[in-house]
Undergrad: 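My questions all concern the structure below.
We're numbering straight along the sequence, starting at 1. Computed over heavy atoms, backbone and side chain alike; hydrogens, waters and symmetry mates excluded.
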Amino acid sequence: MRGATETPRDTERSRHKSRRRSQKTLRQVEKTRRGEAESRAGDIEERYKTELERWRLEKEAEIREDAIRRSISTLLGRIGEQLAPLLMTQTLGVDPRDLRFLGTPVDYIAFKGLSQDNPQEILFIEVNSGKTTRLTEKQQAIKRLVEEKRVKWVTLHIADIADQLHRLVDREIQSQQTWYVDTY
């Protein structure tokens with residue numbers, strides 16, 4: 001039974017018990033809050049995972065549709081380039097036999113009238129199948145050269161080149177033989 005007067009030791013024990021109870025209560029409150037926070041974090045994580053998956057599926061569908069559109073466009077462009085000679089016959093008055101397909105940096109060179117042994121004109125032809133008619137930088141440079149009439153005819157004589165190569169090879173062989181002789 002407690003007496004009317006408490007000793008300082010009793011007071012200290014009472015405070016100590018009270019502090020321990022408060023600390024225990026605080027730990028329980030913290031544990032509860034941590035559990036609630038973890039639960040909310042789990043809910044938020046789950047919600048964002050669901051949203052991310054939905055977004056991924058939407059974007060994947062968009063990417064696939066875009067890839068299919070581009071593929072079709074590329075195929076139609078290639079088909080168009082192959083059918084272009086038929087159109088050029090009507091549009092440019094060029095006989096299909098006068099066309100030479102290069103593909104790059106321009107699609108065709110037409111030697112108009114060549115098939116009738118009456119060459120009249122040389123045409124550099126770029127076939128565009130897309131909605132834009134924009135030329136690449138290289139094509140623009142070639143177009144500029146043609147428009148500035150910076151075009152030359154060059155005849156290359158293979159016999160002359162073969163003679164030059166033969167002389168170079170002979171010189172190289174002689175220098176190798178001299179090296180072998182000097183090293184022995």
Side-chain angles (χ1 to χ4, degrees), residues 44-45 47-184:
I44 291 170
E45 183 180 356
R47 186 172 55 216
Y48 279 108
K49 280 183 178 178
T50 303
E51 285 294 313
L52 179 62
E53 181 63 17
R54 186 185 57 76
W55 177 83
R56 186 188 66 78
L57 291 173
E58 285 175 7
K59 288 300 173 186
E60 185 177 306
E62 288 175 21
I63 290 169
R64 287 181 190 278
E65 287 174 16
D66 183 57
I68 290 168
R69 272 194 303 275
R70 287 176 189 256
S71 179
I72 289 171
S73 177
T74 300
L75 289 172
L76 289 176
R78 289 182 182 166
I79 292 169
E81 286 179 355
Q82 296 300 316
L83 293 176
L86 300 174
L87 299 172
M88 284 184 248
T89 300
Q90 296 173 350
T91 309
L92 302 174
V94 175
D95 189 319
R97 295 174 293 175
D98 295 345
L99 292 170
R100 301 299 180 268
F101 180 76
L102 294 179
T104 183
V106 295
D107 292 322
Y108 291 91
I109 293 183
F111 300 93
K112 195 171 183 180
L114 186 65
S115 60
Q116 287 88 28
D117 295 327
N118 184 21
Q120 303 162 2
E121 183 177 31
I122 298 173
L123 304 169
F124 290 80
I125 304 168
E126 177 59 27
V127 178
N128 282 327
S129 57
K131 294 177 183 175
T132 64
T133 58
R134 189 176 165 105
L135 299 176
T136 66
E137 287 182 30
K138 288 181 182 179
Q139 291 169 337
Q140 290 173 5
I142 292 169
K143 181 180 179 198
R144 193 170 34 257
L145 292 172
V146 171
E147 289 170 346
E148 294 171 359
K149 298 179 180 16
R150 292 172 54 190
V151 180
K152 293 181 184 178
W153 179 274
V154 177
T155 302
L156 191 61
H157 293 282
I158 297 295
D160 294 341
I161 293 172
D163 288 342
Q164 289 174 359
L165 286 173
H166 184 67
R167 284 192 296 274
L168 283 171
V169 168
D170 283 346
R171 269 189 256 147
E172 185 65 28
I173 290 172
Q174 287 175 357
S175 70
Q176 292 295 320
Q177 287 173 348
T178 305
W179 181 80
Y180 286 125
V181 169
D182 290 343
T183 58
Y184 291 112

Undergrad: Holding to ring-ring contact (aromatic ring centres under 6.0 Å, His included), I want the full list of residues that pass it with Tyr108, two or more places apart in sequence or in another chain.
TA: Phe101
Undergrad: Do any side-chain atoms of residues 83-97 form donor-acceptor pairs under 3.5 angstrom with protein atoms, and if so which ones, sequence neighbours left out?
TA:
residue, atom, partner, partner atom, Å
Thr89, OG1, Pro85, O, 2.9
Thr89, OG1, Val94, O, 3.3
Thr91, OG1, Leu87, O, 2.9
Asp95, OD1, Arg97, N, 2.9
Asp95, OD1, Arg97, NE, 3.3
Asp95, OD2, Arg97, NE, 3.3
Asp95, OD2, Arg97, NH2, 2.7
Asp95, OD2, Ser115, OG, 3.3
Asp95, OD2, Gln116, NE2, 3.4

Undergrad: Quick one: pull up CG in Leu145 and CD in Gln140 and give me the separation to the nearest 0.5 Å.
TA: 12.0 Å
Undergrad: Other residues, nucleotides and ligands only: do more than 12 of their heavy atoms fall within 6.0 Å of CD on Glu137?
TA: no
Undergrad: Does Glu53 pair with Lys49 as a salt bridge, N-O distance under 4.0 Å?
TA: no
Undergrad: Tell me, please, which residues at least two apart from Asp117 pass side-chain contact (heavy atoms from CB on, under 4.5 Å).
TA: none
Undergrad: Check side-chain contact (heavy atoms from CB on, under 4.5 Å) between Glu126 and all other residues, then give those that pass, not counting sequence neighbours.
TA: Val106, Asp107, Asn128, Leu135, Gln139
Undergrad: Go through the structure and list residues passing side chain to side chain donor-acceptor pair (under 3.5 Å) with Arg171, not counting sequence neighbours.
TA: none
Undergrad: What residues form a side-chain contact (heavy atoms from CB on, under 4.5 Å) with Ile68, not counting sequence neighbours?
TA: Ile72
Undergrad: Which residues pass the side chain to side chain donor-acceptor pair (under 3.5 Å) test with Glu51, sequence neighbours left out?
TA: Arg54
Undergrad: Side chain of Asp98, backbone of Ala110: donor and acceptor closer than 3.5 Å?
TA: no
Undergrad: Nearest 0.5 Å, what's the CD1-NZ distance between Ile142 and Lys138?
TA: 8.5 Å
Undergrad: Tell me every residue that passes side-chain contact (heavy atoms from CB on, under 4.5 Å) with Leu156, counting only those two or more places apart in sequence or in another chain.
TA: Ile161
Undergrad: Report the residues that fulfil side chain to side chain donor-acceptor pair (under 3.5 Å) with Glu148, sequence neighbours left out, ordered by chain and then residue number.
TA: Arg150
Undergrad: Return each pair, listed once, that meets ring-ring contact (aromatic ring centres under 6.0 Å, His included) where at least one residue sits in residues 141-173; pairs must be two or more places apart or across chains.
TA: none
Undergrad: Rounded to the nearest 0.5 Å, what's the gap from CG on Leu52 to CG on Leu57? Could you check?
TA: 9.5 Å
Undergrad: Once salt bridge (charged side-chain N to carboxylate O under 4.0 Å, His left out) is applied, what residue pairs with a partner in residues 82-92 remain, sequence neighbours excluded?
TA: none
Undergrad: Residues two or more places apart in sequence or in another chain: which of them pass side chain to side chain donor-acceptor pair (under 3.5 Å) with Asp66?
TA: Arg70
